[in-house]
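First the structure, in the form of structure tokens, and then the observations on it.
Just so you know, residue 1 is the first one in the sequence shown, and it goes up from there.
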Amino acid sequence: MNTEHNASGQQLLRGMRDGLPIALGYFAVAFTLGIAARNAGLGPLHGLVSSLLVNASAGQYAGYAMIAADATLWEMAAMILVANARYFLMSCALSQKFSPETPFYHRLLVGFDVTDELFGLAIAQEGWLPPVYMYGAMMLAMPGWASGTALGIAAGSVLPARLVSALSVAIYGMFIAVIIPPARKDRIVGVFVALSFLFSWLFSVLPLVRDISEGLRTILLTVLLASAAAVLFPVKDEGADA
């Protein structure tokens with residue numbers, strides 16, 4: 001029994017060690033996200049709780065944008081679901097890393113905080129994934145993200161208006177950093193990124209669609225463009241060529 005406890009303690013500490021750089025990165029990114037949340041009218045406590053419950057930059061920014069646009073609750077829920085849909089695939093892949101004897105509650109708790117970076121940590125582990133290792137990483141990553149959001153909101157309330165406006169632009173820099181590498185690697189991705197900008201502008205000026213709420217327009221564009229890309233340019237299964 002002591003041997004098992006020692007092994008679990010070592011896995012927990014190892015997860016915390018590997019999760020520390022992620023937590024620091026999350027704090028910096030979430031700070032700029034907090035500025036966006038503050039501009040949507042949220043307070044530090046709102047940002048703290050929302051970051052603990054969602055913990056996804058794209059999904060949270062979409063939610064904050066919906067709040068700022070006075071979107072309905074169902075529009076907000078639908079947009080966040082679409083923005084975070086990739087986590088369904090990550091969770092399915094991650095489930096294969098657990099030992100068949102892993103209890104369901106461990107799978108459920110780890111699945112609560114599947115992010116791009118934590119998923120990368122999990123997949124990189126050799127052999128079966130110990131849930132305790134993921135708990136160690138999550139113990140630092142989640143507070144780092146939540147506290148960064150709350151501090152960004154608090155700072156946005158006391159900083160000069162010009163500085164807040166400048167920091168508000170930083171969140172767009174984060175998304176540019178996300179989309180540029182895959183767009184440079186895959187020309188099709190770059191084309192659809194450009195089309196998303198074009199159609200977003202067109203939907204805001206065309207007579208039939210400009211009267212639709214901003215939230216619903218975003219949902220429609222996301223689903224339509226993603227579906228078109230999947231149908232016209234499906235990703236080939238690498239194993240099919242083997």
Problem - Non-hydrogen atoms of Gly43 and Ile153 that approach each other most closely - result: O-CD1, 3.4 Å
Exercise for the section: For residues Leu12 and Met139, determine if any side-chain heavy atom of one lies less than 4.5 Å from a side-chain heavy atom of the other. Expected result: yes
Exercise for the section: Establish, from distance only, whether the side-chain atoms of Tyr26 and Glu117 form a donor-acceptor pair under 3.5 Å. Expected result: yes
Problem - Note, Leu140 side chain near Ile22 side chain (heavy atom, < 4.5 Å) - result: no
Exercise for the section: Give a yes or no on whether Leu198 atom CG has more than 12 heavy-atom contacts from other residues, nucleotides or ligands under 6.0 Å away. Expected result: yes
Practice task
Flag the pair Leu20 / Met16 as yes when at least one side-chain heavy-atom distance between them is below 4.5 Å, and no otherwise.
Solution key: no
Exercise for the section: Would you indicate whether the side-chain heavy atoms of Leu129 and Thr102 approach each other to under 4.5 Å? Expected result: no
Handout entry: Co-membership, hydrophobic cluster, residues Leu195 and Trp201, 4.5 Å side-chain
Key = yes
Practice task
Could you walk me through whether Asp18 and Tyr133 pass the side chain to side chain contact (heavy atoms under 4.5 Å, CB included) test, one step at a time?
Solution key: CA-CA 9 Å; Asp18 293 347; Tyr133 170 81; 2.6 Å; yes
Problem - 4.5 Å side-chain heavy-atom contact, Ser200 and Phe197 - result: no
Exercise for the section: Grab the two heavy atoms, one from Ala150 and one from Leu48, that are nearest each other, plus how far apart they are. Expected result: CB-CB, 4.1 Å
Handout entry: Minimum-distance pair of heavy atoms, taken over all atoms of Thr32 and Val29
Key = OG1-O, 2.7 Å
Handout entry: Leu225 to Ser196 - nearest heavy-atom pair and separation
Key = CD1-CA, 3.5 Å
Exercise for the section: Have a look at Gln125 and tell me which of Gln11, Met134, Arg14 forms a side chain to side chain contact (heavy atoms under 4.5 Å, CB included) with it. Expected result: Arg14
Exercise for the section: Please assess Val54 against Asn84 for the test side chain to side chain contact (heavy atoms under 4.5 Å, CB included), listing each intermediate value before the final yes or no. Expected result: CA-CA 9 Å; Val54 181; Asn84 291 340; 4.1 Å; yes
Problem - Phe192 reachable from Val231 in the ILVMFWY side-chain graph, under 4.5 Å edges - result: no
Problem - Close side-chain approach of Asp116 to Tyr87, heavy-atom, < 4.5 Å - result: yes
Problem - Sub-4.5 Å side-chain heavy-atom contact between Phe233 and Val189 - result: no
Problem - Residues Thr115, Phe119; criterion side chain to side chain contact (heavy atoms under 4.5 Å, CB included); working and verdict - result: CA-CA 6 Å; Thr115 66; Phe119 174 78; over 6 Å; no
Practice task
Could you verify whether a donor N or O on one side chain and an acceptor N or O on the other, from Trp145 and Gln60, lie under 3.5 Å apart?
Solution key: yes
Exercise for the section: Is it possible for you to say whether Tyr105 and Met138 belong to one hydrophobic cluster, with membership spreading through side-chain heavy-atom contacts below 4.5 Å? Expected result: yes
Practice task
Report yes or no: do Leu81 and Tyr61 belong to one cluster of Ile/Leu/Val/Met/Phe/Trp/Tyr joined by side chain heavy-atom distances under 4.5 Å?
Solution key: no
Exercise for the section: Is it possible for you to say whether Ile123 and Phe98 belong to one hydrophobic cluster, with membership spreading through side-chain heavy-atom contacts below 4.5 Å? Expected result: yes
Exercise for the section: On the 0 to 90° scale, with breaks at 30° and 60°, tag the His106-Tyr135 ring pair as parallel, tilted or perpendicular. Expected result: tilted
Exercise for the section: Assess the side chains of Tyr64 and Ser50: does a donor N or O sit below 3.5 Å from an acceptor N or O? Expected result: yes
Fill in the blank from the handout: The reported gap from CZ in Arg107 to OG in Ser91 (rounded to nearest 0.5 angstrom) is 12.0 Å
Exercise for the section: Could you tell me whether the side chain of Val114 reaches within less than 4.5 Å of the side chain of Leu94, counting heavy atoms only? Expected result: yes
Practice task
Verify, without hydrogens or angle tests, whether Lys97 (side chain) and Gly127 (backbone) share a donor-acceptor contact under 3.5 angstrom.
Solution key: yes
Completion exercise
Note: Ile80 and Gly63 closest approach over all heavy atoms is CD1-CA, 3.9 Å
Problem - Minimal non-hydrogen separation, Glu75 against Ala71, with atom names - result: OE1-CB, 3.4 Å
Practice task
If the plane angle is over 60° it's perpendicular, under 30° parallel, otherwise tilted; pick one for Phe199 and Phe203.
Solution key: perpendicular
Fill in the blank from the handout: Rounded to the nearest 0.5 Å, the CD1 atom of Ile67 sits from the NE2 atom of His46 at a distance of 9.0 Å
Completion exercise
Separation between CZ (Arg38) and CG (Leu33), nearest 0.5 Å, reads 14.5 Å
